[in-house]
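Remember, predicted model here, so these are calculated numbers, not experimental data. Atoms within a ligand are numbered from 1 in the order they appear, just like the ligands themselves.
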Amino acid sequence: MDFELSEAQRLFREMAREFATKEVAPQAQRIDEEGVFPHELVKRMGELGFLGIAVPQEYGGAVADNVCYVLALEEISRACASTGVIMSVNNSLVCDPLLQFATEEQKQKYLTPLASGRFLGCFALSEPNAGSDAANQQTVARKEGESYILNGTKNFTTNGLEADVAIVFATLGRGFGHKGITAFLVEKETPGFTVAKVEKKLGIKGSSCVQFLLDHVRVPKENLLGKEGEGFKVAMSTLDGGRIGIAAQAVGIAQAVLDMAADYAKQRVQFDRPIASFQAIQFMLADMAVEVEAARLLTYRAALLKDKGVRHTKEAAMAKLFASETAMRAAVKGLQILGGYGYMMDYPAQRYLRDAKITEIYEGTSEIQRLVIAKYLLG
Ligand code: CAA
């Protein structure tokens, strides 16, 4: 067993750390306060290869692996979790299923611009009545000649406002259950495909989250992603990778909290001593450090399994569950260490807390991760 990163992985992390420190971190507070999508940073991520990290060169990607992906995503999320999720959706939820399920023509047409940053993508699975119960799709795809006509509503789609293309899931008939679900590549400009609502969120305010309406959206059969009825498998296997990304995002947030709290504890003097000299503070920092490291190792392991082509459903669920709950616990403790200052908007503690919370919810709640893990334990 080898816990060392390769030279290429260390260099990739260095590149991401430099970008995150010099370009992302200085903008994080403004992005959060103004709730603005960081167009310039997303453009830079495209130039640096961060939008298609594990995509081969022939499709405009960075030719790196999934371990590099989690290393970079941790660094960027440590600076700004909004920028992290924009990157994560494009890589995990869009480029990855295209790599796995798209035809050569679809790869040329969509994957290449997505991986190189010319396009941005989104993943439209959730619906008003299909959140945790993803198989309960009510968006319907009706075959008509050489096309499909899609009708329905999609909820909570990250990147939905800025995306050029969406992976949309729909059922060929509710009676088929999950075996009727089919995935489609839908261009944003397709008539009938509209943003019905832009959500106002508690955190990750720089990323968009929208509700889509599909009103007789005609999608050519060439835009079927995978086969008819294969959509649930496309969604679930995509989410296996997505959950590794969210784990990395959560590790980044937790590390940011730890750094902030340790720095503050060394500076802040009370009772004539830096508060870092009190065991009450030391124990909180030590617990945080252990959990962050454990979450990071679970995340690396899941990414490594994905690189090896090994099924990683359970490991991705474990990494996401533990890392997201670590981020929340760290955010609560970190804010407490900063005391009254932690509660004020001038300090980032409140942003970390708001951003950490979503990692326990999107791409499968903590409860869904526990169900997935339990299924493996109990058969
Ligand atoms: N990979 C491949 N296939 C899988 C799979 C996986 N990880 N998980 C399940 N399947 C297959 C099963 O093998 C089964 O296939 P067969 O019928 O051929 O045997 C089929 O899918 C159905 O499996 P289940 O009976 O286990 O399915 P279920 O209906 O009980 O659902 C679930 C299981 C785990 C609860 C699933 O619905 C789930 O993950 N729910 C959460 C959804 C989710 O994460 N949503 C987030 C959306 S994205 C988002 O957050 C927005 C964003 O923009 C960031």
Side-chain angles (χ1 to χ4, degrees), residues 73 77 81-82 84-97 100-101 120-137 139 154-163 165-169 171 174 176-183 195 198-199 201 203-204 207-212 226-227 229-250 302 305-306 309-321 324 355 357-376 378-379:
L73 189 50
S77 302
S82 293
V85 73
I86 296 164
M87 166 183 168
S88 153
V89 166
N90 200 72
N91 276 276
S92 291
L93 299 189
V94 187
C95 289
D96 192 53
Q100 285 189 60
F101 298 101
L120 191 71
C122 67
F123 181 83
L125 175 68
S126 298
E127 297 186 355
N129 295 311
S132 290
D133 186 6
N136 185 36
Q137 294 284 304
T139 296
K154 290 289 168 186
N155 263 17
F156 303 150
T157 308
T158 304
N159 289 352
L161 194 59
E162 299 79 16
V165 61
I167 297 179
V168 176
F169 296 86
T171 178
R174 305 250 347 250
F176 297 121
H178 73 80
K179 292 192 192 313
I181 298 171
T182 303
V195 171
V198 182
E199 303 287 354
K201 305 187 278 6
I204 52 162
S207 66
S208 65
C209 175
V210 311
Q211 183 182 65
F212 281 127
K227 299 194 184 74
E230 208 185 32
F232 196 65
K233 191 175 143 205
V234 173
M236 290 297 115
S237 58
T238 298
L239 284 166
D240 286 344
R243 288 165 185 169
I244 303 174
I246 301 307
Q249 185 198 23
L305 289 178
K306 184 162 167 56
V310 175
R311 177 92 181 238
H312 47 276
T313 304
K314 181 186 71 179
E315 290 77 9
M318 286 181 165
K320 196 224 179 228
L321 173 65
S324 59
D355 288 349
K357 185 60 204 169
I358 190 60
T359 66
E360 293 184 320
I361 298 172
Y362 58 19
E363 301 198 31
T365 60
S366 292
E367 291 70 27
I368 289 295
Q369 308 312 321
R370 287 188 168 88
L371 282 182
V372 170
I373 296 161
K375 198 165 181 175
Y376 274 82
L378 304 171

Hey, is atom 21 (O) of ligand 1 touched by any protein heavy atom at less than 4.0 Å? yes
Kindly indicate whether atom 38 (C) of ligand 1 is approached by any protein heavy atom to under 4.0 angstrom. yes
Do side-chain atoms of K375 reach the backbone of L378 as a donor and acceptor pair under 3.5 angstrom? no
May I ask you to identify, for F232, whether its side chain, its backbone, both or neither come under 4.0 Å of ligand 1 on a heavy-atom basis? side chain
Look only at interatomic distance and state if S126 has a nitrogen or oxygen under 3.5 Å from any nitrogen or oxygen of ligand 1. no
If you measure from atom 48 (S) of ligand 1 to every heavy atom of F156, F123, Y362, F169, which option wins on shortest distance? F123
Any idea which part of T158 is under 4.0 Å from ligand 1, heavy-atom wise: side chain, backbone, both or neither? both
According to side chain to side chain contact (heavy atoms under 4.5 Å, CB included), who are the partners of K357, at least two apart in sequence or on a separate chain? M328, E360, I361
Do protein heavy atoms approach atom 1 (N) of ligand 1 to less than 4.0 Å? yes
For ligand 1, is there an N or O atom under 3.5 Å from any N or O atom of H178? yes
Within ligand 1, which atoms have a heavy atom of V372 less than 4.0 Å away? 34 (C)
Donor-acceptor contact present, side-chain S324 to main-chain L321, <3.5 Å: yes
Output yes when the distance from some N or O of ligand 1 to some N or O of V89 is under 3.5 Å, and no in every other case. no
For ligand 1, is there an N or O atom under 3.5 Å from any N or O atom of S132? yes
May I ask whether G131 has any heavy atom positioned less than 4.0 angstrom from an atom of ligand 1? yes
At a 4.0 Å threshold, what atoms of ligand 1 neighbour a non-hydrogen atom of A135? 29 (O)
Mark the output for L371 as yes if a heavy-atom distance to ligand 1 is under 4.0 Å, and as no if none is. no
Does some non-hydrogen atom of the protein lie less than 4.0 angstrom from atom 12 (C) of ligand 1? no
Looking only at distances, can you tell me whether any N or O atom of R243, backbone or side chain, sits closer than 3.5 Å to an N or O atom of ligand 1? yes
Fit a plane to each ring of F232 and H178, take the angle between them on a 0 to 90° scale, and name the class: parallel (under 30°), tilted (30 to 60°) or perpendicular (over 60°). tilted
Using heavy-atom distances, let me know which of V210, I181, T313, L239 sits nearest atom 43 (C) of ligand 1. L239
So, K233 and Q100: side-chain donor and acceptor under 3.5 Å apart, yes or no? no
In terms of atom number and element, which parts of ligand 1 are under 4.0 angstrom from non-hydrogen atoms of A134? 37 (O), 42 (C)
Kindly indicate whether atom 7 (N) of ligand 1 is approached by any protein heavy atom to under 4.0 angstrom. yes
Closest heavy-atom approach to atom 46 (C) of ligand 1 among E363, E127, E230, R311 is made by E363
Determine whether the side chains of Q249 and Y362 contain a donor N or O and an acceptor N or O closer than 3.5 Å. yes
Polar contact flag, side-chain donor to acceptor under 3.5 angstrom, N155-Q211: yes
Below 3.5 angstrom, do we get any N/O pair linking K179 and ligand 1? yes
